[in-house]
Amino acid sequence: PVIEEQVPEEDPVEDNYQGSVLRSNPTAYYRVDEASGATAYDSSPNLLDGTYNKAGSGTTAYGQTSLVDSISNQSVAYTNNSTSAATQMIEVPDNNLLDFTQAFALEAWIKTPSSMPSENRTLIRKGNAYQLRLASDNKLELQLNGAAYAKSTDALLANTVYYIAVGRNADNSKFLY
């Protein structure tokens with residue numbers, strides 16, 4: 001997942017997916033390509049490492065095939081069982097850089113499970129400040145301060161790869177795709 005505030009581009013970086021993301025000067029960039037451990041490393045210059053929250057009885061499968069053909073790094077998969085799916089996420093640190101005071105975007109590549117559970121499943125969260133999740137109706141939802149802020153009109157399909165982005169523009173309008 002990528003967390004970014006909209007800022008002008010700076011010097012060019014590598015000409016690949018990671019370089020493209022880093023050129024946008026994200027506040028945090030979690031590649032989710034760890035081989036093991038509890039830390040979701042931030043590849044941005046801010047080094048705002050997150051934590052894989054694996055509460056419940058589920059497991060985290062590291063070293064999975066990337067969801068994007070042009071990216072050679074790996075991905076992480078969570079098990080899909082009713083006692084753990086809602087509690088498996090990346091918890092970002094409580095750092096002022098990750099407070100949404102201006103325009104912002106949360107972006108991620110995700111693959112939905114082959115069997116969609118009927119419970120909320122958080123993807124990324126900063127305490128009670130915000131969370132990006134798949135709601136119990138399988139619609140993408142952004143919550144700010146515990147309240148729904150933006151929600152997709154259509155449910156996501158099972159066993160499908162999605163690039164998702166949600167946030168607020170400089171004019172305070174919402175976007176979700």
Side-chain angles (χ1 to χ4, degrees), residues 1-4 16-18 20-21 24 26 28-43 49-93 98 104-144 146-167 174-177:
V2 177
I3 302 172
E4 64 184 353
N16 58 23
Y17 183 81
Q18 180 180 358
S20 177
V21 170
S24 72
Y29 174 35
Y30 303 98
R31 294 186 55 179
V32 193
D33 63 349
E34 288 76 23
S36 64
T39 303
Y41 292 100
D42 176 15
S43 297
D49 295 343
T51 303
Y52 289 106
N53 183 334
K54 299 184 284 186
S57 62
T59 60
T60 301
Y62 298 95
Q64 302 298 299
T65 302
S66 174
L67 298 180
V68 183
D69 291 338
S70 62
I71 300 175
S72 60
N73 64 289
Q74 299 172 334
S75 66
V76 172
Y78 292 125
T79 57
N80 180 28
N81 64 49
S82 61
T83 61
S84 64
T87 57
Q88 295 180 329
M89 70 192 90
I90 295 175
E91 181 85 34
V92 298
L98 296 173
F104 70 89
L106 290 172
E107 305 171 35
W109 286 94
I110 65 167
K111 182 176 181 185
T112 54
S114 56
S115 175
M116 300 286 274
S118 58
E119 61 190 18
N120 296 325
R121 291 156 331 272
T122 301
L123 304 170
I124 190 164
R125 176 179 80 185
K126 181 185 178 198
N128 292 324
Y130 56 83
Q131 70 174 320
L132 177 60
R133 70 184 191 171
L134 291 177
S136 59
D137 56 4
N138 294 312
K139 294 179 180 180
L140 185 63
E141 180 179 61
L142 175 63
Q143 289 195 331
L144 298 179
Y149 177 74
K151 190 171 186 178
S152 63
T153 55
D154 296 324
L156 300 184
L157 301 174
N159 201 33
T160 304
V161 174
Y162 291 94
Y163 168 75
I164 56 176
V166 61
K174 305 170 193 176
F175 64 87
L176 188 141
Y177 57 90

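- Taking the centre and axis of the six-membered ring of Y149, the NZ or CZ atom of K174 falls inside the cone set by 45° and 6.0 Å.
- Side-chain atoms of T122 and Q131 form a donor-acceptor pair, as typed in the model, at a separation below 3.5 Å.
- With Y130 contributing its side chain and I124 its backbone, the two residues share no donor-acceptor pair below 3.5 Å.
- Of all heavy-atom pairs between A105 and F175, the closest is CB-CZ, 3.7 Å.
- Side chains of Y29 and Q18: a donor-acceptor N/O pair is absent below 3.5 angstrom, by distance only.
- A distance-only check finds a donor-acceptor pair linking the side chain of E91 to the backbone of G127 [under 3.5 Å].
- Considering all non-hydrogen atoms of both residues, A28 and L98 come closest at CB-CD2, 4.1 Å.
- Judged by distance alone, the side chain of T51 and the main-chain N or O of A38 form no donor-acceptor pair under 3.5 Å.
- In this view, Y41 satisfies the ring-ring contact (aromatic ring centres under 6.0 Å, His included) rule with no residue, not counting sequence neighbours.
- With hydrogens and angles disregarded, a donor-acceptor distance shorter than 3.5 Å links the side chain of N120 to the backbone of S136.
- Counting only heavy atoms from C-beta outward, the side chains of K151 and D137 approach each other to under 4.5 Å.
- Of all heavy-atom pairs between E141 and A148, the closest is OE2-CB, 3.5 Å.
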